[in-house]
Amino acid sequence: MARIVSRALPFASRSSLRLPLPPPFPGAALVRSAAAGSPLPPAAEAALAASLLSWRGHTATPESSIAAPPPFAGFLAGIRRFRKGRRGQASAKRSQPQDAPPPPPPPPPPPKEREIELVARIGIEEDMPDDPEVLNIVEILKLNVPMAMKIALDGLLDSSYSTRDTSISDVGKYDKVEVSVLLCNDNFIQDLNKEWRDVDCATDILSMSQYIPDLDVPILMLGDIVISVEAAERQAGEKGVTLLDEVRVLVVRGILHLLGFQHESSNEAAAELEKEEQLILKSLRWKGKGLAKSVLDSSKPQTDSLDECLQDK
């Protein structure tokens, strides 16, 4: 580095280029006198400051503007006020008596209504053919059966029927209510009817209860509903409705059978079953016709297929 400087200095000394010097500013003499050590009078110092500012392109400003607050003074002052406010709150808390009782806890929220899970298991008998219409009905019943269960269970609260078996009355103590629906043909339901009821005849629907009164469990097993699709299809043609409409009617009737409604014991029991059946069908806006309504709409009396089977026996 020393060699580079030593080589550069002779070049600068031998340079014939002369740069013009800036004109002396008015306070140059004052600066030189100040640098020499002689004190300056106050008026000269003021003139020196003014001349320096004017030479650099600025104008002299009053002394008060030099002491202006920095750009973030307001922000910092806000932080200081915030800290003071926090300190004030802390001191107010410390000033409170230590033996004061704590505030009472907030009241507990109101209890929620207990929800009961409704489970419907829909199946098809193994010997049934893969009919697209029947498969579509199965998918629809997965949604329709819980809906019918809910309306039927809600109706038990205000039920005033005299012929219904009231073994199942309070379902609020259960967490889950289950029912199964099986679609089959005439041969399957005839064998089942003979095995369980000793009646060797095909019918449209069988309702087999699984309710045990003394069993204290959180799940209410209503039972099984077996529906003959062939019988339902014949009855749908007689009533002038679709197969889905007739299956829906049979599902509602099967649920009511499991809840204690019967129509074979007396005319009053049949009338009460038909009344509740129509209430559920209207609530769900289903187009099916119940047993009594189909009899009134027909020119000849119709009876349930099971009743016909019993008469023939």
Side-chain angles (χ1 to χ4, degrees), residues 120 122-125 127-152 155 179 181-190 192-193 199 201-207 225-259 261-312:
I122 315 298
I124 303 178
E125 200 268 324
D127 295 337
M128 290 283 293
D130 294 337
D131 188 353
E133 183 180 6
V134 177
L135 296 177
N136 185 42
I137 290 176
V138 170
E139 297 299 324
I140 295 176
L141 291 181
K142 292 179 181 179
L143 299 176
N144 289 169
V145 174
M147 296 166 58
M149 291 172 60
K150 184 180 186 308
I151 298 179
V179 67
V181 178
L182 178 66
L183 303 182
C184 65
N185 52 23
D186 286 344
N187 294 331
F188 182 87
I189 203 170
Q190 181 175 354
L192 196 63
N193 196 22
V199 178
C201 183
T203 182
D204 55 355
I205 180 175
L206 286 177
S207 301
I225 300 173
V226 184
I227 298 175
S228 173
V229 177
E230 295 176 350
E233 191 172 5
R234 291 192 299 268
Q235 294 174 177
E238 295 174 358
K239 298 177 183 179
V241 296
T242 64
L243 178 60
L244 175 62
D245 294 334
E246 181 63 19
V247 171
R248 282 172 169 172
V249 172
L250 296 178
V251 166
V252 172
R253 189 178 305 167
I255 294 175
L256 293 179
H257 282 325
L258 296 178
L259 294 178
F261 288 90
Q262 299 295 332
H263 68 281
E264 301 172 359
S265 57
S266 64
N267 293 333
E268 183 182 2
E272 291 184 350
L273 172 64
E274 176 65 22
K275 180 180 178 180
E276 188 67 18
E277 186 177 296
Q278 289 300 315
L279 289 176
I280 297 176
L281 293 176
K282 290 181 180 179
S283 300
L284 296 173
R285 297 182 180 181
W286 290 349
K287 300 178 181 179
K289 298 179 181 180
L291 178 62
K293 184 173 176 45
S294 62
V295 170
L296 295 176
D297 293 343
S298 178
S299 58
K300 63 177 182 178
Q302 296 182 3
T303 58
D304 203 4
S305 58
L306 181 59
D307 295 338
E308 295 179 356
C309 182
L310 292 176
Q311 292 176 0
D312 295 340

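This is a predicted model, so every value here is computed, not measured.
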Minimum heavy-atom distance [X]-[Y], with the two atoms named:
X    : Y    : value
A236 : E246 : CB-CB, 3.9 Å
T203 : S228 : O-CB, 3.5 Å
F261 : E276 : CZ-CG, 4.1 Å
V252 : E277 : CG1-CG, 4.0 Å

Next on the checklist: Any heavy-atom pair between the side chains of N187 and D127 that's under 4.5 Å?
Outcome noted: no
Checklist entry - Does the side chain of E125 come within less than 4.5 Å of L192's, by heavy atoms? => result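 Sidechains of E125 and L192: no contact.
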I need the [X] [atom1] to [Y] [atom2] distance, nearest 0.5 Å.
X    : Y    : atom1 : atom2 : answer
E133 : L244 : CD    : CG    : 8.5 Å
Q262 : S207 : CD    : OG    : 8.0 Å
N136 : L243 : CG    : CG    : 10.5 Å
I255 : I225 : CD1   : CD1   : 5.0 Å
L250 : D204 : CG    : CG    : 5.0 Å
H257 : L206 : NE2   : CG    : 9.5 Å

Item to check | I124 vs L135, side chain to side chain contact (heavy atoms under 4.5 Å, CB included): CA-CA, chis, key distance, verdict | outcome: CA-CA 9 Å; I124 303 178; L135 296 177; 3.5 Å; yes
Checklist entry - With sequence neighbours excluded, what pairs up with E268 under the side chain to side chain donor-acceptor pair (under 3.5 Å) test? => result S162
Checklist entry - Just by distance, do the side chain of E230 and the backbone of D186 share a donor-acceptor pair under 3.5 Å? => result yes
Checklist entry - Yes or no on side chain to side chain contact (heavy atoms under 4.5 Å, CB included) for I140 and V247, after CA distance, side-chain angles and deciding distance? => result CA-CA 11 Å; I140 295 176; V247 171; over 6 Å; no
Distance-only donor-acceptor hits, side chain of residues 141-151, under 3.5 Å, sequence neighbours excluded:
unit_1: K142; atom_1: NZ; unit_2: E139; atom_2: OE2; d: 3.3
unit_1: N144; atom_1: OD1; unit_2: R248; atom_2: NE; d: 3.0
unit_1: N144; atom_1: OD1; unit_2: R248; atom_2: NH2; d: 3.0
unit_1: K150; atom_1: NZ; unit_2: D154; atom_2: OD2; d: 3.0

